[in-house]
Colleague: 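Got a structure here, written out as structure tokens. Questions coming.
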Amino acid sequence: LTRDRIEHVRNWIPRVPREDPWRNRYPGTKLRGKKVYERKALPYAQYPGASDIAALVENYRIGIVRGQIKMVDKALADDFKDDHGRDKKAYLEYLSGLFERARWIDYRIEDLEVDTAKTGGTARYHYRFRVRDRDSGNVFDEKGVAYLEFSKPLEFLWKIRAIRMVKE
């Protein structure tokens, strides 16, 4: 019956990988071709890579907490931009200065949500960022939501392309 076929398709579509499993031979419908696939199946399909992005975010966080500029550098794409308009070089210089002035850094991440696409993805998380100044002893404390954009320059390599921090 038509309603059974509709239910079958509704259950099937979310499991379709976003890669091209049909190798340009799309499943049969009355309307054939790539446009039907892109309109009907692609919006509901899932790309792999969410766990890779989560691991990259954790490596970025650890690099900041430990003051390891090389670890942060590896996580950032060459065309990186932050919400202050800094490119990768300027952002790493900013972090280096922060690391030199800090007695300790605490950077916590909660509620990480990841959405992947074929050539990139996005992530959103709640953060708390605290830094104790080495000289004055003052503590900078900030909470908010971070939005990250990722690029995928190679098949299994993810990089942070942009960061936007929204303070609470």
Side-chain angles (χ1 to χ4, degrees), residues 10-19 21 38 41-168:
R10 282 190 179 143
N11 290 328
W12 170 75
I13 285 177
R15 296 189 311 258
V16 175
R18 287 199 176 194
E19 304 300 326
E38 289 173 348
L42 195 59
Y44 301 100
Q46 300 295 314
Y47 280 103
S51 60
D52 296 334
I53 287 178
L56 178 65
V57 169
E58 181 60 10
N59 286 340
Y60 168 77
R61 185 194 73 78
I62 289 170
I64 289 176
V65 169
R66 293 181 180 169
Q68 295 176 342
I69 202 71
K70 288 184 180 179
M71 194 169 192
V72 175
D73 184 24
K74 287 181 181 180
L76 304 179
D78 291 336
D79 60 346
F80 173 85
K81 292 281 185 194
D82 74 351
D83 50 352
H84 297 288
R86 292 181 284 227
D87 64 2
K88 181 177 179 177
K89 182 180 177 187
Y91 184 72
L92 292 173
E93 287 172 1
Y94 159 75
L95 287 179
S96 292
L98 180 70
F99 296 160
E100 289 174 13
R101 292 188 315 271
R103 180 177 295 161
W104 54 258
I105 298 174
D106 183 32
Y107 187 32
R108 297 175 189 244
I109 293 174
E110 295 178 349
D111 304 323
L112 176 65
E113 298 173 12
V114 175
D115 185 27
T116 57
K118 189 171 186 176
T119 59
T122 59
R124 174 185 176 273
Y125 59 80
H126 294 270
Y127 71 90
R128 182 170 185 188
F129 186 65
R130 296 174 32 196
V131 179
R132 180 175 294 272
D133 186 84
R134 183 180 307 271
D135 298 328
S136 68
N138 293 336
V139 176
F140 169 79
D141 192 356
E142 180 179 292
K143 293 179 184 178
V145 179
Y147 299 90
L148 285 73
E149 180 184 328
F150 298 86
S151 61
K152 191 176 175 186
L154 300 172
E155 186 175 354
F156 297 107
L157 179 67
W158 296 85
K159 296 283 189 168
I160 300 171
R161 188 164 183 239
I163 294 178
R164 185 170 66 98
M165 311 292 263
V166 179
K167 298 175 194 174
E168 289 182 346

Colleague: Which pair of heavy atoms, one from A75 and one from Y60, lies closest together, and at what distance?
Modeller: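 Smallest heavy-atom distance, with atoms named: CB-CB, 4.2 Å.
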Colleague: So does D141 get a backbone contact from the side chain of R130, meaning a donor-acceptor N/O pair under 3.5 Å?
Modeller: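 Checking the backbone N and O of D141 against the side chain of R130, no donor-acceptor pair under 3.5 Å is found.
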Colleague: Say you draw a straight line from NZ of K143 to CD of E168; how long is it, rounded to the nearest 0.5 Å?
Modeller: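 Taking NZ in K143 and CD in E168, the distance rounds to 7.0 Å.
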Colleague: Can you tell me how far the CG atom of L76 sits from the NZ atom of K89, to the nearest 0.5 Å?
Modeller: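 Between L76 CG and K89 NZ, I get 15.0 Å after rounding to 0.5 Å.
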Colleague: Side chains of Y94 and D82: closer than 4.5 Å at any heavy-atom pair?
Modeller: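 Not in contact.
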Colleague: With heavy-atom distances below 4.5 Å as the criterion, would you say the side chains of D106 and F129 are in contact?
Modeller: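 No, every pair of side-chain atoms sits at 4.5 Å or beyond.
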Colleague: To check you understand the geometry: which heavy-atom pair defines the closest contact between V72 and G63, and what is its length?
Modeller: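 Between these two residues, the closest heavy atoms are CG2-C, 3.7 Å.
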Colleague: May I ask you to check if R61 and Y107 form a cation-pi contact, with NZ or CZ under 6.0 angstrom from the six-membered ring centre and within 45° of the axis?
Modeller: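 Here R61 fails the 6.0 Å and 45° test against Y107.
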Colleague: Would you say T116 and F150 make side-chain contact, with heavy atoms under 4.5 Å?
Modeller: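 They are not in side-chain contact.
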Colleague: Would you give the length of the straight line joining atom OH of Y91 to atom CD1 of I163, rounded to the nearest 0.5 angstrom?
Modeller: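 So the gap between those two atoms works out to 4.0 Å.
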Colleague: Over 60° means perpendicular and under 30° means parallel, so classify the ring planes of Y127 and Y125, tilted if in between.
Modeller: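 Ring orientation, 0 to 90° scale: perpendicular.
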Colleague: For D133 and S136, which heavy atoms make the closest approach, and how far apart are they?
Modeller: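 Minimum heavy-atom contact is OD2-N, 2.8 Å.
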Colleague: Could you grab the distance from atom CG of D135 to atom CZ of R103, nearest 0.5 Å is fine?
Modeller: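 It comes to 8.5 Å.
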Colleague: What closest approach, in Å, do L98 and V131 show between heavy atoms, and which atom pair accounts for it?
Modeller: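 For L98 and V131, the tightest heavy-atom pair comes out as CD1-CG1, 4.2 Å.
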Colleague: Taking atom NE2 of H126 and atom CG of L112, what is their separation to the nearest 0.5 Å?
Modeller: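 Answer rounded to 0.5 Å: 10.5 Å.
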Colleague: Using atom types as modelled and distance alone, determine if a side-chain donor or acceptor of K159 lies under 3.5 Å from a backbone N or O of K74.
Modeller: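 At least one qualifying donor-acceptor pair exists.
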Colleague: Would you name the heavy atoms of G121 and I53 that are closest together and state the gap between them?
Modeller: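 Shortest heavy-atom separation between G121 and I53 comes out as CA-CD1, 4.5 Å.
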Colleague: Atom CG of L92 and atom CZ of F99: how far apart are they, to the nearest 0.5 Å?
Modeller: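 Going from the CG atom of L92 to the CZ atom of F99 covers 8.5 Å.
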Colleague: Locate the shortest heavy-atom distance separating R134 from E100; write the atom from each residue and the value.
Modeller: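 For R134 and E100, the tightest heavy-atom pair comes out as NE-O, 3.2 Å.
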Colleague: Can you tell whether the side chains of D79 and R161 come within less than 4.0 Å, N to carboxylate O?
Modeller: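 Here D79 pairs with R161 in a salt bridge, since their nearest N and O are under 4.0 Å apart.
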Colleague: Any Lys/Arg nitrogen of K88 or D73 sitting under 4.0 Å from an Asp/Glu carboxylate oxygen of the other?
Modeller: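 So K88 pairs with D73 through a salt bridge.
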